[in-house]
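What you see is a predicted model, and the numbers here were worked out from it, not measured in a lab. Here is how names work: the chains are called A, B, and so on, in the same order as the sequence lines, proteins then strands, and each is numbered from 1.
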Number of protein chains: 2
Amino acid sequence: MVAQRSTATARRESIRQAAGKRFAVSGLHGVSVDTIAREVGISEAYIFRLFGSKRALFIDVVVTACDELTAGMATASEGLSGADALTAMGHAYVALLADQQRLLLPMQGYAACADPIIRQAMQEAFGRLWSTAARASGSAAADVKQFVALGMLTNTLAALDVDHADANWAHAARAFIPFA
Amino acid sequence: MVAQRSTATARRESIRQAAGKRFAVSGLHGVSVDTIAREVGISEAYIFRLFGSKRALFIDVVVTACDELTAGMATASEGLSGADALTAMGHAYVALLADQQRLLLPMQGYAACADPIIRQAMQEAFGRLWSTAARASGSAAADVKQFVALGMLTNTLAALDVDHADANWAHAARAFIPFA
DNA sequence: ATTAGTTGTGAGTACCCACTCACACAAGGA
DNA sequence: TCCTTGTGTGAGTGGGTACTCACAACTAAT
């Protein structure tokens with residue numbers, strides 16, 4: 001019973017899509033490989049053939065999400081510097097942020113850092129993000145840290161689903177979001 | 001074979017200790033109730049008797065950690081207001097932060113927010129933290145958000161174990177920490 | 001048509017998990 | 001002495017989990 005043949009490359013991509021969606025909300029240990037396989041419409045065994053292990057798939061997906069954020073910010077700040085660059089990156093961040101998955105995946109990556117191999121990968125990805133922000137903005141280290149900190153707060157608010165929460169603090173938190 | 005009798009209250013407390021330690025690094029799904037039970041030196045069954053479910057234990061431990069942070073900040077800022085209050089709370093945060101567990105537990109709570117019951121509890125705990133910061137500092141909403149954002153960044157850096165990382169961005173990140 | 005390479009799976013294996021329940025042991029009061 | 005109350009567990013149950021492997025089916029080139 002073979003529904004539809006595909007190339008390994010294309011399969012890998014649909015697996016990444018489904019895995020990203022699931023890992024983002026449930027984390028590494030909150031979803032089984034079989035669940036992801038069913039969503040893609042293939043067998044569990046084939047995921048292991050294509051990615052080797054659940055951990056490898058997780059790292060692939062999470063690091064990609066981080067690097068997309070980094071790349072988006074680098075593009076946005078091209079030709080700018082200092083506060084202008086940070087503002088531009090902030091806008092880029094907000095634009096990417098419409099897709100909550102991109103915020104939740106890094107957070108699930110941080111949460112899974114008990115595993116040394118995942119931690120190593122996350123340190124590198126976070127380092128690229130930080131360095132990109134630092135390079136673009138010039139030398140104002142304090143601004144960079146505030147910028148990255150706002151990003152982390154945004155991740156947290158996404159996890160808390162503050163958009164659908166109704167409380168005083170939630171309104172206050174939402175109000176800040178377009179952080180330029 | 002009964003090693004040592006104890007009161008339920010005391011048992012609950014040692015379970016919270018062990019569970020906090022494990023949940024902090026591995027998250028809700030990264031550790032089994034049996035592992036925690038062995039660490040305490042009791043049977044798995046007794047944990048379920050005392051806490052009802054793994055989720056209830058997780059919420060208990062994580063929300064307690066959040067509220068300890070909140071309480072610490074409230075105490076530190078007593079009698080102060082505005083920037084002074086935020087500075088005092090920052091110092092209090094740094095003091096509590098020596099125990100990384102207290103930072104990692106909230107983050108594991110955010111990461112587990114796919115579960116609506118956990119999300120509800122985390123929203124409330126986060127709301128108390130935010131409101132406390134807001135009340136203490138007066139009305140400068142922007143400052144409050146920056147303050148909370150730095151806290152979130154600190155959580156992330158703890159997860160990444162930046163203290164033991166050796167890279168340019170890691171040095172820069174560490175440099176900021178005593179954020180007054 | 002045969003071969004060789006790639007895509008894909010069914011059926012495991014060996015173990016782990018949250019949770020339950022009937023029951024045991026201890027201690028104080030009547 | 002019995003009885004109640006609270007502390008504690010052994011032995012499950014039913015289902016899940018990551019991962020493996022022998023093998024099938026399709027495709028393209030010779």
Side-chain angles (χ1 to χ4, degrees), chain A residues 1-20 22-23 25-62 108 111-112 114-118 121, chain B residues 1-23 25-62 108-109 111-112 114-118 121:
Chain A
M1 190 244 287
V2 175
Q4 187 74 18
R5 264 322 185 68
S6 176
T7 64
T9 311
R11 277 297 187 219
R12 253 184 265 261
E13 201 44 46
S14 11
I15 293 168
R16 279 193 197 94
Q17 292 279 333
R22 296 292 191 156
F23 282 144
V25 303
S26 301
L28 171 61
H29 300 295
V31 61
S32 72
V33 177
D34 190 54
T35 302
I36 296 166
R38 281 169 197 278
E39 195 151 314
V40 178
I42 58 173
S43 72
E44 196 189 0
Y46 198 35
I47 291 189
F48 283 98
R49 158 154 300 181
L50 290 179
F51 287 90
S53 70
K54 189 190 191 185
R55 177 169 67 186
L57 173 59
F58 182 78
I59 292 176
D60 184 308
V61 163
V62 171
Q108 295 294 354
D115 180 312
I117 298 185
I118 295 177
Chain B
M1 190 243 285
V2 175
Q4 187 74 18
R5 266 321 183 69
S6 176
T7 64
T9 310
R11 278 297 187 220
R12 255 183 262 262
E13 202 43 48
S14 10
I15 293 168
R16 279 193 196 95
Q17 292 279 335
K21 199 170 126 191
R22 295 292 191 158
F23 282 144
V25 303
S26 302
L28 171 60
H29 300 295
V31 62
S32 72
V33 177
D34 190 54
T35 302
I36 296 166
R38 281 169 197 278
E39 195 152 313
V40 179
I42 58 173
S43 72
E44 194 189 1
Y46 198 36
I47 290 189
F48 283 97
R49 159 153 300 182
L50 291 179
F51 286 89
S53 70
K54 188 190 192 185
R55 177 169 66 185
L57 173 59
F58 181 78
I59 292 177
D60 183 307
V61 163
V62 171
Q108 295 294 354
D115 181 311
I117 299 184
I118 295 177

**OP:** Classify the side chain of B/Arg5 and the base of C/dA27 as holding, or not holding, a donor-acceptor pair under 3.5 Å.
**Re:** no
Original post:
Side chains of A/Phe58 and A/Lys54: does their closest heavy-atom pair fall under 4.5 Å?
Top reply: no
**OP:** Whole angstrom is fine here: how far is it from CD1 in B/Ile42 over to P in D/dG6?
**Re:** 18 Å
Subject >> Side-chain N,O (A/Ser32) to OP1/OP2 (D/dG16) below 4.0 Å >> reply: no
**OP:** Measure from CG on A/Asp34 to C1' on C/dC16 and round the result to the nearest Å.
**Re:** 16 Å
Subject >> Evaluation steps, side-chain contact (heavy atoms from CB on, under 4.5 Å), between A/Phe23 and A/Leu57 >> reply: CA-CA 10 Å; A/Phe23 282 144; A/Leu57 173 59; 4.1 Å; yes
Original post:
Do B/Phe51 and B/Arg16 pass the side-chain contact (heavy atoms from CB on, under 4.5 Å) test, and can you show the C-alpha distance, the side-chain angles, and the key distance before you say yes or no?
Top reply: CA-CA 10 Å; B/Phe51 286 89; B/Arg16 279 193 196 95; 4.1 Å; yes
Original post:
Whole-Å distance between D/dG10 P and B/Arg38 CZ?
Top reply: 10 Å
**OP:** Round to a whole Å and report the spacing from NE2 of B/His29 to P of D/dG16.
**Re:** 15 Å
Original post:
Roughly, in whole Å, what's the span from CD in B/Glu44 to C1' in D/dG12?
Top reply: 11 Å
Original post:
Checking side-chain contact (heavy atoms from CB on, under 4.5 Å) against A/Ile59, which of A/Leu28, A/Ile117, A/Asp115 comes through?
Top reply: A/Ile117
Original post:
How many angstroms lie between atom CD1 of A/Ile47 and atom CG of A/Asp34, to the nearest 0.5 angstrom?
Top reply: 8.5 Å
Original post:
Residues from residues 45-61 of chain B sitting under 4.0 Å of DNA chain C, heavy atoms only?
Top reply: B/Ala45, B/Phe48, B/Ser53, B/Lys54
**OP:** Could you tell me whether B/Lys21 and B/Glu39 make a salt bridge, using a distance below 4.0 angstrom between a side-chain N and a carboxylate O?
**Re:** yes
**OP:** Report the distance from atom CD1 of B/Ile15 to atom C1' of D/dT7, rounded to the nearest whole Å.
**Re:** 12 Å
